[in-house]
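Okay, structure first, notes after.
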Amino acid sequence: MATADANLSSPPSTRTRILDAAIRRFARFSYEETGLRDIADDVGVDVAYVHRSFGSKERLFAEAVRATAQAGRITALDGANFASDLARDFLAEDCVTEHGVRPLDISVRSLSSASAASVLREFILNDVIIPLSEKLEPPDERRAALVAALLVGLGIMKDVLKIDMLVSNDPGDLEALIRDAVAAIITPPRPG
């Protein structure tokens, strides 16, 4: 017979609690509106502890973006069925993190910030475009950037702006359209 203690997990580390609080803050407020002191207060620690744990607001923001963007979902997809798998994964309902944050929630709130845009640019290049490019045959960062642009644009229009044609239509039909668009982008042009 299992004891009640077997069902208990250890409490999250203070660093994890800080990251969780940052994710929730950055998902609700822009980069400029979010202060390290606010995050520290949410967790009940001194702001100096936040600095020691993450180094800077920019680094904490980068970790929050990485934790919610779920870029690994894209780069883990199989090459043979990449366009189909990507379309299906893009429309999957389980993209929302345990914080109730969608992959683009943090990014969209902070695009107007030069500091945040720098972090987002580095993330999209290093964590999305380059790994995605390596999945293409032959590798091609330009085509990978176009796929990323398509997904980010679709994500903003579907999940943030809630454009009816992308939200209320048959998901199977939308999945096929996304699959075909991605397939067209990743297929190298024929010499001619």
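Counting from 1, the numbers follow the sequence of the chain as shown. Only a predicted model underlies this, so the values are computations on that prediction, with no experimental measurement involved.
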For P131 and L125 the tightest heavy-atom approach is CD-O, 4.2 Å

Do E63 and R15 make a side-chain contact, defined as non-hydrogen atoms from C-beta onward lying under 4.5 Å apart?
yes

Quick check on E122: does its CD atom have over 12 non-hydrogen neighbours (other residues, nucleotides or ligands) under 6.0 Å away?
no

Once rounded to the nearest 0.5 Å, what's the spacing between atom CG of D180 and atom CD of E175?
10.5 Å

Heavy-atom side-chain contact between I18 and V45 under 4.5 Å
yes

Start with the C-alpha gap between R28 and R24, add the side-chain angles, then the distance that decides, and say whether side chain to side chain contact (heavy atoms under 4.5 Å, CB included) holds.
CA-CA 6 Å; R28 287 192 327 255; R24 287 190 300 275; 4.1 Å; yes

Check whether any side-chain N or O of K135 sits under 3.5 Å from a backbone N or O of A76 as a donor-acceptor pair, and report yes or no.
no

Would you confirm whether R179, through its side chain, and A83, through its main-chain N or O, come within 3.5 Å as a donor-acceptor pair?
no

Residues that T187 engages under side chain to side chain contact (heavy atoms under 4.5 Å, CB included), provided they are two or more places apart:
none

Sort and list the pairs that fulfil ring pair (Phe, Tyr, Trp, His ring centres under 6.0 Å) and have at least one residue in residues 28-57, not counting sequence neighbours.
Y31-F61

Can you see which heavy atom on V167 is nearest to which on K158, and at what distance?
CG2-O, 3.3 Å

Separation between CG (L104) and CZ (R109), nearest 0.5 Å, reads 12.0 Å

First locate atom CD of E33, then atom CZ of R25, and finally report the distance between them rounded to the nearest 0.5 Å.
10.5 Å

Write down the atom of A64, the atom of I106, and the distance for their closest heavy-atom approach.
O-CD1, 3.8 Å

Would you say D105's side chain and R102's backbone share a donor-acceptor pair under 3.5 angstrom?
yes

Check whether any side-chain heavy atom of R66 sits under 4.5 Å from a side-chain heavy atom of F123, and report yes or no.
yes

D127 side, atom CG; L120 side, atom CG - distance, nearest 0.5 Å:
11.0 Å

S13 and T16 side chains, donor-acceptor separation under 3.5 Å
yes

State whether the number of non-hydrogen atoms from other residues, nucleotides or ligands found under 6.0 Å of R37 atom CZ is greater than 12.
no

Where do S110 and A116 come nearest, in terms of heavy atoms and distance?
O-CB, 3.4 Å

So among I39, D38, L36, which one has a side chain to side chain contact (heavy atoms under 4.5 Å, CB included) with V47?
L36

Name each donor-acceptor pair under 3.5 Å that joins a side chain in residues 136-153 to protein atoms two or more places apart or in another chain, with its distance.
residue: D140; atom: OD1; partner: R142; partner atom: N; Å: 2.9
residue: D140; atom: OD1; partner: R143; partner atom: N; Å: 3.1
residue: D140; atom: OD2; partner: R143; partner atom: NE; Å: 3.0
residue: R143; atom: NH1; partner: I186; partner atom: O; Å: 2.0
residue: R143; atom: NH2; partner: P138; partner atom: O; Å: 2.8

Out of curiosity, S118 OG to R121 CZ, how far, rounded to the nearest 0.5 Å?
5.5 Å

Could you walk me through whether D89 and D85 pass side chain to side chain contact (heavy atoms under 4.5 Å, CB included), step by step?
CA-CA 6 Å; D89 190 72; D85 293 345; 6.0 Å; no

Give the intermediate values and the outcome of side chain to side chain contact (heavy atoms under 4.5 Å, CB included) for residues F82 and L132.
CA-CA 10 Å; F82 182 75; L132 181 56; 3.0 Å; yes

Interatomic spacing from OG in S113 to CD in E58 - rounded to 0.5 Å
8.5 Å

Indicate, with yes or no, if L77 and L177 share a hydrophobic cluster defined by side-chain heavy-atom contacts under 4.5 Å among Ile, Leu, Val, Met, Phe, Trp and Tyr.
no

Any chance you could lay out the side chain to side chain contact (heavy atoms under 4.5 Å, CB included) test for I178 and L86, step after step, and finish with the verdict?
CA-CA 8 Å; I178 295 169; L86 183 62; 5.9 Å; no

